[in-house]
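From a predicted model like this one, the values you see are computed outputs, not experimental measurements. Each chain gets a letter, A, B and so on, in the order the sequences are listed, and its residues count up from 1.
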Amino acid sequence: MTATLVWLRRDLRLADQPALHAAVERGAPVIPVFVHAPEEETPWQPGAASNWWLHHSLARLSEALERRGSQLILRRGPTLGTLRELVRDTGADAVFWNRLYEPALIPRDREIKHHLRESGLRVESFNAALLHEPWCIRSGSGNPYRVFSPFWKSCRQAGIDDTPLPEPQAIPAPSASTAGTQPRAARWPASEPLAALALLPRIRWDAGLAETWTPGEAGALVRLRDFLETSAERYHAMRDLPGQPGTSRVSPHLHFGEISPRQIVRALRDAGFDPDSGGADQFLSEIGWREFAHHLLFHFPHTTGAPLNPRFEAFPWRESDRDLHAWQQGRTGIPIVDAGMRELWQTGWMHNRTRMIVASLLTKNLRMHWLHGARWFWDTLVDADLASNTLGWQWTAGSGADAAPYFRVFNPVLQGERFDPDGCYVRRYVPELGRVPASAIHAPRAGRGRSLDPALMHDYPSPIVDLRQSREAALEAFRRLPPPGAGRS
DNA sequence: TGTTGGTTGAG
DNA sequence: TCAACCAAC
């Protein structure tokens with residue numbers, strides 16, 4: 001036994017880290033490595049906001065490892081060749097990692113496992129990201145679930161592990177001189193500087209991200225603790241109000257594995273919340289949606305680009321560069337939509353309520369393909385996650401199989417009035433409307449009540465789409481879908 | 001985790 | 001006139 005490579009991917013933490021934990025337990029020197037190979041995730045290479053986060057998360061992890069006498073080795077791919085090189089350079093005889101579940105990565109990782117084992121290495125993979133891995137949950141008929149509620153019920157009946165692994169007390173390093181039993185053959189390999197991965201944007205648009213987020217394991221724990229102390233109690237009531245800080249905002253930390261769902265469940269219990277009732281139950285079920293997204297992506301991997309519901313294969317989507325651009329820039333003339341799109345652009349994140357509203361406008365009122373939206377979110381969200389993004393967009397487009405009927409069309413004016421009643425969210429991100437009173441802010445040109453002074457919004461565009469007419473057009477297109485079962489191949 | 005448009009009944 | 005409710009999309 002000479003050394004263990006721990007191949008890090010989206011598990012950038014030290015606590016509750018199964019691969020790292022197993023490597024440390026093994027006793028041999030541990031060599032943590034990150035191999036940057038985005039082209040291996042084609043066609044869903046991480047976007048610009050993801051890369052920004054990754055840069056900072058790697059920096060924090062590297063510091064944390066150094067404080068424990070270890071190092072983070074950075075390399076550029078291709079992954080298999082790089083891992084082999086690292087094995088050769090270090091004298092490692094084992095490679096451990098935590099599993100990912102995406103269509104492009106499952107075959108890649110399987111192949112890597114196969115080749116490394118063929119060359120005589122001990123190779124093990126672990127679950128670090130999910131409460132239940134996708135193949136562990138099956139319906140009574142043996143098929144994967146397609147509806148959330150029974151899926152989540154089944155997960156809860158299967159039991160939820162809330163015992164995180166401890167952070168290793170010490171991480172044995174190749175150069176360590178104290179342990180007497182290990183051969184001294186293992187050595188540190190060379191590392192690329194973080195800057196060589198070129199993850200930061202060349203044009204510095206990332207100031208808003210830096211103001212909003214603290215990537216890294218420590219930032220994740222602060223975020224979770226803050227949520228538990230200030231918002232968890234009233235989560236059920238507050239979670240739908242995009243102007244209020246009522247949600248946890250742990251999604252990017254979860255995506256990069258800076259914190260695990262198991263740690264979150266445990267923290268809820270330790271903070272005195274009964275995970276079976278009240279606000280904690282609602283919050284836990286959002287963790288459940290994340291699990292469900294992974295379940296669906298694993299069992300239906302084609303859904304990253306094609307509808308889960310085959311009736312939608314011939315749906316008459318519109319194409320309009322002008323409309324897409326207006327939507328992306330937050331210039332649709334519909335305040336709650338523009339506020340959401342600008343929140344996304346400025347902070348790399350959007351409240352879930354607004355995500356549904358902007359997605360409904362794009363896919364229903366503008367009747368544009370959900371992939372246009374999915375790709376924009378993919379590039380701009382710091383929490384961009386293939387499983388969650390795919391589920392979310394298919395859900396709003398109506399082509400997913402979950403219980404939301406395709407003919408549901410959000411009315412963004414009503415949604416704004418209901419979930420941003422005082423207009424503070426709109427005013428925060430759409431300063432042109434800063435002086436419009438709450439009673440008119442979600443439909444400033446509708447002329448309801450006394451008419452507004454046009455000077456109050458002269459910089460703000462008129463709506464690019466008539467909500468009533470476009471709703472009717474969308475419903476008409478849905479009516480023309482082939483009947484259930486007709487489109488199956 | 002929807003919206004609309006209809007009915008009904010209280011005031 | 002409006003809230004409450006329901007069915008249909």
Ignoring the backbone of A:Arg468, work out which of B:dT3, C:dC9, B:dG5 is nearest its side chain. B:dG5

Need one value for A:Phe407: base, sugar-phosphate or nothing, where a base atom within 4.0 Å counts as base even if backbone is also close, heavy atoms only. base

Where does the angle between the aromatic ring planes of A:His295 and A:Tyr145 fall among parallel (under 30°), tilted (30 to 60°) and perpendicular (over 60°)? tilted

Applying a 4.0 Å non-hydrogen cut-off, can you work out what A:Arg418 is touching in the nucleic acid: base, sugar-phosphate, or nothing? sugar-phosphate

Which nucleotide in the list B:dT1, C:dC9, B:dT4 gets nearest to the side chain of A:Leu475? C:dC9

Centre of A:Phe256's six-membered ring, under 6.0 Å away, within 45 degrees of the axis: is that where NZ or CZ of A:Arg10 sits? no

Integer-rounded Å distance: B:dT1 C1' and A:Trp395 CH2: 4 Å

In this structure, how many angstroms lie between the C1' atom of B:dT1 and the CG atom of A:Leu391, rounded? 12 Å

Could you state the atom-to-atom distance from CZ of A:Arg471 to P of B:dT3 in whole Å? 8 Å

Side chain proximity check, A:Phe283 to A:Thr247, heavy atoms < 4.5 angstrom: no

Atom CZ of A:Arg408 to atom P of C:dA8: distance rounded to whole Å? 16 Å

Does the structure place the NZ or CZ of A:Arg9 under 6.0 Å from the centre of the six-membered ring of A:Trp7, at an angle of no more than 45° from the ring's axis? yes

In whole angstroms, the gap separating P of B:dT3 from CG of A:Leu467 amounts to 11 Å

Closer than 4.0 Å, any side-chain N/O of A:Gln415 to the OP1 or OP2 of B:dT1? no

Roughly, in whole Å, what's the span from CD in A:Glu472 to C1' in C:dC9? 9 Å

Spacing of A:Lys364 atom NZ relative to C:dC9 atom P, expressed in whole Å: 16 Å

Rounded to the nearest angstrom, tell me the gap between atom CE in A:Met350 and atom P in B:dT1. 21 Å

Looking at side-chain heavy atoms only, is the closest gap between A:Asp11 and A:Leu8 below 4.5 Å? yes

Pick base, sugar-phosphate or nothing for A:Arg479, based on heavy-atom distances below 4.0 Å to the nucleic acid. sugar-phosphate

Indicate whether OP1 or OP2 belonging to B:dT4 is found under 4.0 Å from a side-chain N or O atom of A:Asn411. yes

